[in-house]
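Structure first, commentary second.
It should be emphasised that the depicted structure is a prediction, and the values quoted were computed from it without experimental measurement. Quick note: residue numbers are just sequence positions, from 1.
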Amino acid sequence: MSDTNQAIEHAPLLSPKFVWKVTAIIGLLCAVTLAIAITGRMVGGTIALAGNTTDQSLREIVIGNDVLILPANVIRFESQRVSGVQNVVDTYFAWPGMAGYTEANRAIFNQTDSAASLIFARITQATMSRDMSGRLNPIYQRLTDGHRVAGPNGLDSMRLRSGAGYVNELLYVEHAVTDNPYAVRCLVEDAQTQPDFSTRTGCQRDISLGEGLSVTYRFAIELLPHWREIERDVRARFEAALAH
């Protein structure tokens, strides 16, 4: 047998170069598969959060002369979840409890048909010297039509004049209280002219806080019978957040 034939008989079926190429290709495919899986989990998690965050680290937000210290998971918009000077901060809470977004209560924040368990609050510098209770006698009383009608849980209702810019709104006022009574505006019908003040969060009230802050908070009209508890909880939550 010739040397050439012996070399052919003893040659390996797969050359080392070919084995190296196959191994490299398999390794590359595994890396791509792993990267796709990790990216899918990250993207899927982001979509599931839908702009919310479970991050509870604190943000120090300066509005005018006031400083608020709030966890990131109660701040509604990602662009506002930064420490520093801001003109406005939008917050939201699960009620009762005034808790921010967590994995445990994500269903409450992700609901699309109702906001019956949510309270939204916007904090800005006050542009008026009086909050809603303080504006009741000098302003709102002059813009109502008809007599007071008994409402839920110690409130009286009065219809606000549509000609004054209040379409389908009732003003609810604490019964038989003359000194700084509770007052809240509620939309009683769906008004397309006011898409930001809908029946999902159909009651709106503003209060003064700190040295010069205005807190405008909104809640579903279904929660109106709990107005005392909501007022107490909102005030306590933001007063605790003020840096003294």
Side-chain angles (χ1 to χ4, degrees), residues 50-52 68 70-71 73-77 80 88-102 104-124 126 128 130-136 140 149-160 166-175 177 180-209 213-241:
N52 304 307
L68 289 166
L70 295 166
N73 69 330
V74 307
I75 301 174
R76 189 178 177 191
F77 301 118
Q80 297 176 351
V88 59
V89 61
D90 293 278
T91 61
Y92 52 177
F93 305 89
W95 191 88
M98 298 297 285
Y101 183 92
T102 65
N105 65 18
R106 64 186 300 176
I108 295 174
F109 286 84
N110 292 338
Q111 59 188 319
T112 57
D113 297 328
S114 172
S117 298
L118 291 174
I119 293 176
F120 297 86
R122 166 169 283 198
I123 305 97
T124 61
M128 292 177 283
R130 302 180 182 183
D131 61 12
M132 185 170 286
S133 291
R135 297 194 303 273
L136 176 61
Y140 287 122
V149 177
N153 199 12
L155 296 176
D156 293 335
S157 68
M158 296 175 285
R159 182 169 289 277
L160 289 162
Y166 301 101
V167 180
N168 298 324
E169 287 189 50
L170 293 178
L171 179 68
Y172 287 90
V173 180
E174 192 173 359
H175 178 72
V177 176
N180 203 43
Y182 176 91
V184 62
R185 288 165 44 207
C186 293
L187 189 67
V188 292
E189 298 174 28
D190 188 19
Q192 297 298 323
T193 56
Q194 300 186 60
D196 294 330
F197 185 22
S198 67
T199 52
R200 292 185 62 232
T201 53
C203 291
Q204 177 173 299
R205 169 171 166 79
D206 63 82
I207 59 176
S208 297
L209 185 75
L213 294 179
S214 176
V215 178
T216 300
Y217 69 87
R218 297 180 291 119
F219 57 91
I221 196 167
E222 291 87 353
L223 294 179
L224 189 57
H226 305 286
W227 62 271
R228 288 189 179 88
E229 296 94 331
I230 292 174
E231 174 81 358
R232 177 199 64 206
D233 292 348
V234 170
R235 286 186 178 276
R237 187 67 180 81
F238 286 108
E239 285 172 359

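A 4.5 Å side-chain heavy-atom check between Arg185 and Leu160 finds at least one atom pair inside the cut-off. Ile123 places a side-chain heavy atom less than 4.5 Å from the side chain of Leu68. Between Met158 and Val149 the shortest side-chain heavy-atom distance does not fall below 4.5 Å. Trp227 has its side chain out of reach of Pro152: every pair of non-hydrogen atoms, C-beta onward, lies at least 4.5 Å apart.
No donor-acceptor distance shorter than 3.5 angstrom exists from the side chain of Asp90 to the backbone of Phe77, with no hydrogens or angles considered. At least one donor-acceptor pair closer than 3.5 Å links the side chain of Asp131 to the backbone N or O of Gly134. Checked by atom type and distance alone, the side chain of Asn110 pairs as donor or acceptor with a backbone atom of Arg106 at under 3.5 Å. A donor-acceptor pair is defined here as one N or O able to donate and one able to accept, closer than 3.5 Å; no such pair exists between the side chain of Ser117 and the backbone of Ala94.
Taken to the nearest 0.5 Å, the CG atom of Leu155 stands 11.5 Å off from the CG atom of Leu170. Note that SG of Cys186 and CG of Leu224 are 5.0 Å apart. Values are rounded to the nearest 0.5 Å. To the nearest 0.5 Å, atoms CD1 (Ile221) and CG (Leu187) are separated by 7.5 Å. Note that SG of Cys203 is 4.5 Å distant from CZ of Phe219, once rounded to the nearest 0.5 Å. Rounding to the nearest 0.5 angstrom, the gap separating the NE2 atom in His175 from the CG atom in Asn153 is 12.5 Å.
Residues passing the side-chain contact (heavy atoms from CB on, under 4.5 Å) test with Glu231, sequence neighbours excluded: Tyr182, Arg205, Ile207, Tyr217, Arg235. For Pro181, the side-chain contact (heavy atoms from CB on, under 4.5 Å) partners two or more places apart in sequence, or in a different chain, are Leu136, Val173, Glu174, Val177. Shown here are the side-chain contact (heavy atoms from CB on, under 4.5 Å) partners of Ser214, two or more places apart in sequence or in another chain: Thr124, Ala126, Asp206, Thr216.
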Evaluate the side-chain contact (heavy atoms from CB on, under 4.5 Å) criterion for residues Glu229 and Leu223: first the C-alpha distance (whole Å), next the side-chain angles of each, then the deciding distance (0.1 Å), finally the verdict.
-> CA-CA 10 Å; Glu229 296 94 331; Leu223 294 179; over 6 Å; no
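Of the listed residues (Tyr92, Phe120, Phe93), just one forms a ring-ring contact (aromatic ring centres under 6.0 Å, His included) with Phe109, and that residue is Tyr92. Each of Val234, Ile119, Leu118 was scored for a side chain to side chain contact (heavy atoms under 4.5 Å, CB included) with Trp95, with one residue passing: Ile119.
Environment of CZ in Arg122: sparse, with no more than 12 heavy atoms of neighbouring residues, nucleotides or ligands closer than 6.0 Å.
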